[in-house]
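Okay, structure first, notes after.
Throughout, a chain's letter reflects where its sequence line sits, starting with A, and its residues are numbered from 1.
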Amino acid sequence: MQRIGVFVCHCGTNIAATVDVKAVAEALGHEPGVVISQDYQYMCSESGQNLIKDAVKEHSLTGIVVCSCSPRMHENTFRKAAAAAGLNPYLVEIANIREQCSWIHKEIATATEKAVILGRAAVAKVHLNAPLTAGESPVVKRALVIGGGIAGIQTALDIAEAGFEVDIVEKEPTIGGKMAQIDKTFPTLDCAACILTPKMVECAQNDKITIHSFSEIADVKGFVGNFTVTIKKKARFVDETKCTGCGLCTEKCPMKKVPNEFNMGLDNRTAVYIPFAQAVPKVAAIDPNYCLMLKNGKCGVCSKVCSVGAIDYKQTDKFVEEKYGAIVVATGFNPIKIDKYEEFAYNQSPDVVTSLELERLMNAAGPNGGTLLRPSDKKHPHTIVFVQCVGSRCEDEKGKPYCSKICCMYTAKHAMLIREKYPDTEVYVFYIDVRTPGKNFDEFYRRAVEQYGVHYIKGMVGKVTPKSDGKLDVQAADLLANEQLHIDADMVVLAAAIEPDKSARPLATMLTTQMDTNDFFTEAHPKLRPVESATAGIFLSGACQGPKDIPETVAQASAAAAKAIGLLCKNSITCNPCVASSDELMCNGCSSCEKVCPYGAITYIDKEFRMPDKTTRIRRVASVNPAVCQGCGACTVACPSGAMDLSGFSNSQIMAEVDAICK
Amino acid sequence: MQVNNNNEFQPLIVAFCCNWCSYAGADLSGTNRLNYPTNVKIIRVPCSCRVNPMFILRAFQRGADGVILCGCHPGDCHYTSGNYFTRRRMTLLFSMLDFLGIERDRTRVEWVSAAEGAKFAATMNEFTEAVRKLGPNRRLEDLRCRKQ
Amino acid sequence: MQEAMIKRAKELLADGIVDRVIGWKKGEFSYDHTPAVFTSAQELDESFVCDDFTSANLSKYLVKETIREGKILAFLKPCDTYSFNQLVKEHRIDRDKVYVIGIPGGPKLDIEKIRARGITGILNVRNENYTLKIETIYGVSEMPFYEAISVKCESCKSKKHVVYDELIGEDGEVLDSNRFDMVEKLENMTSQERYDFWRSELSKCIRCNACRTVCPACTCEKCVFENPDSGIENKAAADSFEENMFHIIRAFHVAGRCTDCGECSRVCPENIPLHLLNRKFIKDINSLYGTYQAGENTTDKAPLNEYKMDDCEASIVHERGAE
Amino acid sequence: MNNSLKDWVDITSGVNVRKCMRCGKCSAACPSYDEMEYHPHQFVYMVEKGDIEPLMKSDSLYRCLTCFACIERCPRNVEPAKVVEAVRLAAVRKQGNNHLIPDQIPAMLDDDLPQQAIVTAFRKYTK
């Protein structure tokens, strides 16, 4: 005979305001098998949990139903409480009467009625719950970091620091990412290269870290603790092990008209190139789209000048397979394309630039050697207009609905740096709101206004028109002065919204992690599990999860590393015990289940059976490897005989829930 | 089926939601306080591919007026491929129910991601309304009746 | 034909190639032959039969027969070879233990169709140049042969043997059959008309389980309808879930595996057109996921066990047709 | 605050003025800005406040060229031009009748008046 305890949570007023919790407890108390039914203010609190533990002992409970928030929230909490009281944790069921009842309904009567039905379904299910014991599977003590920007670098360094092997896969020929392109960093104005490049070098020198540069993820298989990843090493036509990074090939290469992506196309590079002086690994790569040798077989200069014979025109893409226990995603961001915002004349005038382009224009290693000059005539600009929120907070298809978060601060930084270096330059910033939450951020912004005299104007730019005299007519609204302005500007700088890297979407599919509608990775919980994905063993670092500045990115990168280290420290992890299993007596051995299993967890064995007539019969039956099974249940429906069932979500359990709801 | 004070027909809707996307999407519509009718009762399953056609038939037979199955968007299944199987199974099942003369608007598959709380609520509102218009489900309950 | 089969069966038995023969055994009347296993030349001579009434599909019996020691000779009509292949694919039949002789198919006769003419007290039926001479206790009646052929033969899908070790007679071709005509006709009805049609048909069911017993796709070690854990177990006829849904669930269980052999409708004592449910699934599978014939070979993945990224959405059911 | 008038404008324009995030890009793009007493962003804001009477009295109503620059530029799809048009309609209807009786028009027509202006006038005054 089952002895079931029902515990109804008020969740303060979150549940109790719309659901009559006492009535729910009373009603569920009359359900068959229920021996105790009570309500409490906060079930998840320590005293709430104690209430459950005491009841387990006092009433020798065989099953627990907690009517509370979503099981995604506190199922584990209550399972642990049950385990602490000596009850198998899988004899706990949650009725979700908060997210799926009290928070969406307004009328107390109907909400209470629904809560009772949800509770009844949980009671019906728990009647059929079986105690489950989780198995264990070993953890490969090696981590993979996808993306070699500051997020990936920090995560890799932290994991290596803890003593674990870690691989960085970076799609570009060098690690460093966006931060390597940035000149100065807010709010301290220290040089980005000065703080980033030592970390890049550290990565190269750390013997725990392997950098797969110019590589992409081709395939991911497996599960937490045991991923098998295929890495595609793109042909760079230079032998990484031989190249010393001397740069002679780049000097001699006759093809010098390749837009330099590191400088945002503002100047040119050669077909064989090293992205920038501090690149890690400092190894050249040949761009097959421009290399004369690879395109028409005529040249070969780089091969002739290379003293170590590193040039290899016959190199092809290579695939390597590695095993990892944990994967950290750090695929980062890109500024959006702003060609569609015709009003800002970005395509019409070279003097309309994005903030990242300005960053290169002002950088000592940039196209102008650090002197800010107008791209069109290389003259010193005297009036610069900044436009914020270009494509951010934008509901049309051209932009992004979210706030890109970093633009307010880097615009203040740009404005301040320009005013400091070129005090004769007038700087206007058009803003909708200035958002500066962050340590020393608002002070920084105020400094731009108060000390540096940057003109902040509340309003938007409506139109930028290139004029015949080379200036730009900026038509804008000053909402506070209630007037429409025209500014004759030398340059216009657009704070383009940022978006996740394009490689993130296919990667998410391979990793079976979720993304939001903007292609940012979704965290397991927005507050409590911000660096984990909902898929076990996959962690999120940096801007792939949402717009972030550098301090936040580094903080999150270390947090993701800590989570990964926590996993790698374990010799084995407990598996989800809610896995499929086949009833051998009923299994036909028809192979249907094997064909739908995404993990290859099902194999067939020939098994001897004693028949009723005392003979023995050897029959082919399915056998599930519980360490590999992830518990999706595809096989249970494919099985014609119903021999395959899923622990925790068995046919009879779900059927009981259906019955309880449809009563 | 229930009838409220106004004697308006209140359909009983059973929603099967996969744990990873749609159940989270349902939670999100709760977190965002997006309203949908109390008629909808959610059953959590690990993946939409766990839903056996028997569950759906059972629900109808026991008095449900509509059954909706929600899963991750194709390509986004937590288990890589589960929802693709779901899609084939449910297409065939719904087609069969239609063939037997069961109103096709009582059944539905909808892909709702963990981020689509608003879509979940909108879907449930819409589906409940569609079933309400159809009235009580008699046909499945009565499909096999005694000889007259 | 019958003589050639008996002769060959005797040879194979004598050569020790097979130990047993599965075929049809004469019944009390000339129309009630039943599947039977023969182990000796004598038995074959005494009662082996193959004529217009040997329509039973023998493939399913091989599930049990191949568990036993030794090899068995099976005479399979074209339609039966599809069932055979499907069962081999599902590992239900041990192919090595069967010697398959392909024999020409029907059309076979259905005694019910003759009885439906009001002809009773039938003793014997002879086919004379495609006119049936029916001896009854009341005298001799006649009817055209083709008006008495069984429903499954009316829309024969194939005269081709998809598997055999040797053939007696000629092999035929896959036919362009009209088997989906009735399904289509129903599809074109209104929802209410379809409902009324099925209600009147399914109401006749007495839950004798003959369809399940004969179906070559229903070979489960334990049927879900007899498994208390399946949640739909129910043996006695009752006005409950299983009763209502028996045929829908059964059709779904065999979807993608049913070869459309038509045995379910042939054996139904109430003449419910059960094959239409299976054909509806087959028609949908063919049109939505590409033509698929269960049992055509032993390698193709069943349509419900695979998928394409760009499969249609389930809403296609809602979009199709007006009502 | 005139709630019923606000509701009327909301319904007629089909615009959810609460979507405005006060960026002012509508006013920044407006070619008639200097001609207007109330500017496009103010139209949206004042309608949101329910402060519609001053708008109805203002000449600004008729300074809007309905060029749709504001609709084109608005990042939140608020569509200020539709708000202006709705207020314009409110002004017209509030006076109960059309400003002109159609019969009066022929006498007033000027040969130099562009065809488009006549059509526009009809559109504005005969709804």
Side-chain angles (χ1 to χ4, degrees), chain A residues 69-73 94 96 98-107 110-111 113-114 117-118 121 125 505 508-510 512-518 520 522 526 534-535 576 578 596-599 630-638 642 646 648-649 651 654-655 657-663, chain B residues 2 4 10 12 14 16-21 23-24 26-56 58-64 67 72 75-82 85-86 89 113-116 121 124:
Chain A
C69 54
S70 170
R72 295 168 55 85
M73 189 84 190
I94 310 289
N96 184 345
R98 193 178 77 173
E99 280 85 347
Q100 294 177 8
C101 189
S102 72
W103 274 356
I104 41 169
H105 306 311
K106 290 192 179 112
E107 250 179 72
T110 51
E113 190 188 338
K114 176 170 170 179
I117 293 171
L118 293 179
K125 187 179 179 192
R505 172 60 70 175
T509 303
M510 282 190 266
T512 70
T513 47
Q514 270 99 51
M515 283 193 142
D516 65 18
T517 46
N518 299 311
F520 286 113
T522 309
T535 307
N576 168 20
C578 296
V596 299
C597 179
Y599 304 100
Q630 298 295 296
C632 68
C635 52
T636 59
V637 184
L646 186 66
F649 294 95
N651 285 327
I654 298 176
M655 220 59 121
E657 283 183 272
V658 170
D659 287 357
I661 287 173
C662 297
K663 223 187 271 183
Chain B
Q2 55 197 109
N4 71 4
Q10 291 295 330
L12 173 59
V14 178
F16 291 96
C17 291
C18 86
N19 182 45
W20 303 96
C21 285
Y23 195 87
D27 277 355
L28 184 64
S29 69
T31 312
N32 292 342
R33 311 295 197 274
L34 301 171
N35 240 254
Y36 58 86
T38 50
N39 309 55
V40 179
K41 313 285 191 297
I42 295 172
I43 293 178
R44 183 165 72 128
V45 285
C47 175
S48 59
C49 71
R50 176 66 189 92
V51 177
N52 197 313
M54 288 195 290
F55 304 158
I56 294 174
R58 170 86 148 212
F60 277 126
Q61 198 270 338
R62 291 287 157 112
V67 176
C72 310
D76 293 346
C77 175
H78 179 79
Y79 305 100
T80 329
S81 54
F85 293 119
T86 308
R89 289 166 185 166
S113 82
E116 293 175 325
M124 291 307 153

Quick check on [X] against chain A: is it the side chain, the backbone, both or neither that has a heavy atom closer than 4.5 Å?
X	answer
B:Ala24	both
B:Phe16	side chain
B:Arg89	side chain
B:Asn19	both
B:Phe85	side chain
B:Val67	neither

Interatomic distance, [X] atom [atom1] to [Y] atom [atom2] [nearest 0.5 angstrom]:
X	Y	atom1	atom2	result
A:Gln630	B:His78	CD	NE2	6.5 Å
A:Leu118	B:Lys41	CG	NZ	7.0 Å
B:Arg33	A:His105	CZ	NE2	13.0 Å

Minimum side-chain heavy-atom gap [X]-[Y] below 4.5 Å:
X	Y	value
B:Ile43	A:Val658	yes
A:Ile654	B:Val45	yes
A:Val637	B:Pro53	yes
B:Thr38	A:Glu113	no
B:Tyr36	A:Gln100	yes

With sequence neighbours left out, write down each residue that passes salt bridge (Lys or Arg N to Asp or Glu O under 4.0 Å) with B:Arg50, or none if nothing qualifies.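 Only A:Asp645 meet the salt bridge (Lys or Arg N to Asp or Glu O under 4.0 Å) criterion with B:Arg50.
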Quick one: list whatever passes salt bridge (Lys or Arg N to Asp or Glu O under 4.0 Å) with B:Asp76, sequence neighbours left out. A:Arg505
Of all the heavy-atom pairs spanning B:Trp20 and A:Arg72, show the shortest one and how long it is. O-NH1, 4.0 Å
Could you tell me which non-hydrogen atom of B:Tyr23 sits nearest to which non-hydrogen atom of A:Pro71, and how far apart they are? OH-CD, 3.3 Å
Counting heavy-atom pairs under 4.5 Å with chain A, the top scorer among B:Ile42, B:Asn32, B:Val14, B:Val51 is B:Ile42
Against chain A, work out which of B:Asn35, B:Asp27, B:Leu28 has the most heavy-atom pairs shorter than 4.5 Å and name it.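 Top option by heavy-atom pairs under 4.5 Å: B:Asp27.
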Out of [options], which one racks up the most heavy-atom pairs below 4.5 Å with chain B?
options	answer
A:Lys114, A:Met73, A:Arg98	A:Lys114
A:Asn96, A:Asp516, A:Thr513	A:Asn96
A:Gly633, A:Cys578, A:Cys662, A:Ala508	A:Cys662

Can you tell me which portion of A:Ala121 sits under 4.5 Å from chain B's heavy atoms? Options are side chain, backbone, both or neither. neither
The side-chain contact (heavy atoms from CB on, under 4.5 Å) partner of A:Cys632 among B:Pro46, B:Cys18, B:Cys77, B:Cys47 is B:Cys47
